Amino acid sequence: MTTLAETTKRYARPDARALVALLLVLAVVAAPFWAGRAELRLFSEFLSFLALAVLWNLLAGYAGLLSVGQQAFVGLGGYALFVLCAHAGLSPYLAIPLAIVAAGALAAVFAPLLFRLDGAYFAVGTWVAAETVLLVFAMIPALGGGAGMSLPAASVKAIAAGKELRESIIFWLVTGLSLATLLGAYGLLRSRAGLALMAVRDNRLAAASLGIDIWRTRFVTYVIVAAMSGGLGAVIFLQKLRISPSAAFSLNDWTVMVIFAVVIGGIGRLEGAVIGAILYFLLREMMADLGAIYLIVLGSLAILVMLFSRKGLWGLVETRFGWSLMPTERKP
Amino acid sequence: MMQSTAAIEATGLSKSYGALAVTRDVSFALEPGCALGIIGPNGAGKTTLFNLLTGAVRPDAGSIRFAGKDISPTDARARCRMGISRSFQVPQPFSGLTVFENALVAATFAQGISEQAARPQAEDALRRTGLWPKTAKKAGELGLLDRKRLELARAIATAPKLLLLDEIAGGLTDAECVELIQLIRSIKESGVTIIWIEHVLHALLSIVDRVMVLDFGQKIAEGEPRDIMQSPEVAAIYLGLDGENTHA
Ligand SMILES: Nc1ncnc2c1ncn2[C@@H]1O[C@H](COP(=O)(O)OP(=O)(O)OP(=O)(O)O)[C@@H](O)[C@H]1O
Ligand SMILES: [Mg+2]
């Protein structure tokens, strides 16, 4: 029997969470009207990092695919945008969805090869694959080789004529795609496929013996995560207006930092990626004057968390208080 | 051989880990709706036989037919979809999911149906195994006995045709054991074929139609429970080992 008080409590909490989330989203969307350029940069950098953390968490935390090669898809998405705009004359609005498709397609080609590898070998395999993609792009003279290329002025103008409006639109593209990633991941986990993904996360042996197709679950996750990473890469470099192989395929920026954040926040929990991304940015901004110190702090924190709380900081909170920001629990 | 009528039939199954032959040329057949008990000392290869039957482990030799079809080439997932379900001796819960979600996973994916359609079956399995009061608990927070109950609940929730049970009666109180026997009897009466590995002999013998004895990976006896329990080989294996369980 549930009392009225219990019922109100159960439903009041998600509502409060949803309201706070909605207000935050509205504030971010309206940011071009109240924030300066530097803040806009920081917001979009934070949100795209958050989205990458959510994606890597799906991959490693849920599907058990410890990839250290996600930069391949971020970079490919970025380059796809530049190539399609500069060489095919497409508008960026059309090039972004095509960048998403391109990254997903590359993942679909990689997957059957990489999935033959297990554990650490898979990790190394994804890294090697990403390095290979980097080398290919660095070797193509038409793409500026190692020096990279700029987005042609015509393509930039195609977004919007005025500079002010253009920067706002690019901001909305980055934040929009990032928030869509977060919401999409949440929706996925609440769907039937998400139930399979959580079962695979917790116990592969039992999942297979209860009828879950682990290969397919992993494949679909890998391709979707790659596609979204490609989309994020496209808008991230659209905002920068310049791309080079070392920036586009940066192991540090698009994978290592992301892994730190997820490990600290809580691997295998959606909230973990969010908390991790917030912590990463707070540390980075607070210690900006001290050079790379924040990296040392971050690395040490990640090691401590791995030693003492495998499910990260969010895991501690979850076990201690039973909190959940984005509940996926199925109630009977 | 009467291939056409057997629910499950294994022929010449063998499996070695390195130099250790864990399953040696094991063959048996079981009629639909029948219950087979498997006994044997620790390390005899009982659980390994289940791993071979469910596809968790590939045999080095031998074949398996289920409902008249050769299922040897299929994987664990496909065999589950066909209606073969098992409980793990060492519980394998989805620790981060609730008890209800554990059963829901089983009911949903074993039958390839929607979560919505699977809900009643998940609930039914939890009620029948006495886990319903703990339905909202995380499986990782359960004690060993409840984890074993959850193994049984998940196996039932798949709506199996063939149910493989691996040591589920150990550690229960007398009253709980009586309930478990009633539950398994009702499953059997609903037409499910059962293979049950169990050291608690009185529970096993109150259900099964036949008993198979494994020792060092080999089938050393198979037949009517009464005959098997009186055979000298079995007496030799069980002498003093499970003495208290053979009475009761
Ligand atoms: N993956 C494995 N690798 C190596 N040896 C294994 C493996 N699995 C089982 N064995 C060995 O095979 C033998 C049979 O194991 P199995 O678990 O099938 O026995 P069992 O009859 O179920 O025993 P118990 O009554 O203790 O459950 C044991 O000696 C075990 O150590
Ligand atoms: Mg065993």
Side-chain angles (χ1 to χ4, degrees), chain A residues 1-2 6 10 57 61-64 187-220 266-272 310-312 314-316 318-324 326-332, chain B residues 50-51 54-57 75-88 90-120 122-123 126-127 132 135-136 138-141 150-151 154-155 157-158 160 164:
Chain A
M1 284 280 278
T2 36
E6 275 177 276
R10 183 187 291 179
N57 197 17
Y62 288 86
L188 173 70
L189 289 182
R190 291 177 61 113
S191 76
R192 186 174 182 275
L195 190 62
L197 204 48
M198 289 188 281
V200 171
R201 169 196 71 188
D202 283 354
N203 196 317
R204 240 169 278 161
L205 177 64
S209 88
L210 290 171
I212 292 175
D213 191 335
I214 292 180
W215 200 93
R216 212 185 100 202
T217 305
R218 290 178 143 190
F219 180 80
V220 171
I267 192 163
R269 297 290 178 280
L270 203 48
E271 292 93 339
R310 296 294 289 274
K311 283 192 250 159
W314 182 258
L316 284 181
E318 197 188 50
T319 349
R320 183 96 171 71
F321 305 104
W323 290 354
S324 177
M326 305 180 101
T328 57
E329 188 183 318
R330 274 75 169 169
K331 299 228 157 69
Chain B
F50 272 14
N51 287 339
T54 54
V57 170
D75 63 6
R77 170 188 168 268
R79 292 185 202 184
C80 168
R81 286 283 180 101
M82 289 175 202
I84 300 179
S85 175
R86 80 181 290 186
S87 73
F88 288 96
V90 179
Q92 305 285 338
F94 302 121
S95 316
L97 299 183
T98 65
V99 167
F100 178 71
E101 288 170 319
N102 269 264
L104 188 64
V105 168
T108 303
F109 296 100
Q111 302 173 89
I113 57 178
S114 74
E115 275 185 43
Q116 205 53 42
R119 281 169 168 270
E123 178 175 341
L126 292 174
R127 285 190 190 281
W132 189 245
T135 191
K138 287 266 190 319
E141 294 165 8
L150 185 58
E151 282 296 323
R154 281 197 318 203
T158 65
L164 308 179

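Since the structure is predicted, the reported quantities are computational estimates derived from the model, not experimental observations. Note: hydrogens, waters and symmetry copies are ignored here, and every other heavy atom, side chains too, is used. In what follows, every chain begins at residue 1, and chains take the letters A, B, ... in the order their sequences are listed.
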Write out all pairs satisfying salt bridge (charged side-chain N to carboxylate O under 4.0 Å, His left out) with one or both partners inside residues 90-109 of chain B, taking only residues at least two apart or from two chains.
none
Just one of B:V105, B:L126, B:N102 clears the side chain to side chain contact (heavy atoms under 4.5 Å, CB included) bar with B:R154, so which one?
B:N102
Is chain B contacted by the side chain of A:T319, its backbone, both, or neither, given a heavy-atom distance below 4.5 Å?
neither
Heavy-atom contact with chain A under 4.5 Å, split by part of B:T158:
side chain
Check the orientation of A:W323 and A:W314. Use parallel for under 30°, tilted for 30 to 60°, and perpendicular for over 60°.
tilted
Return the option, out of B:A76, B:G96, B:A122, with the maximum number of heavy-atom pairs under 4.5 Å with chain A.
B:G96
B:T54, part contacting chain A, at a heavy-atom distance under 4.5 Å
neither
Contact summary for B:A136 and A:E329, nearest pair of heavy atoms:
O-OE2, 4.4 Å
Pairs where residues 190-210 of chain A contributes a residue and the test salt bridge (charged side-chain N to carboxylate O under 4.0 Å, His left out) is met, not counting sequence neighbours
none
Given a strict heavy-atom distance threshold of 4.5 Å, which part of B:I113 is in contact with chain A: side chain, backbone, both, or neither?
backbone
Looking at A:T328, A:L205, A:N203, A:I214, which makes the most heavy-atom pairs under 4.5 Å with chain B?
A:N203
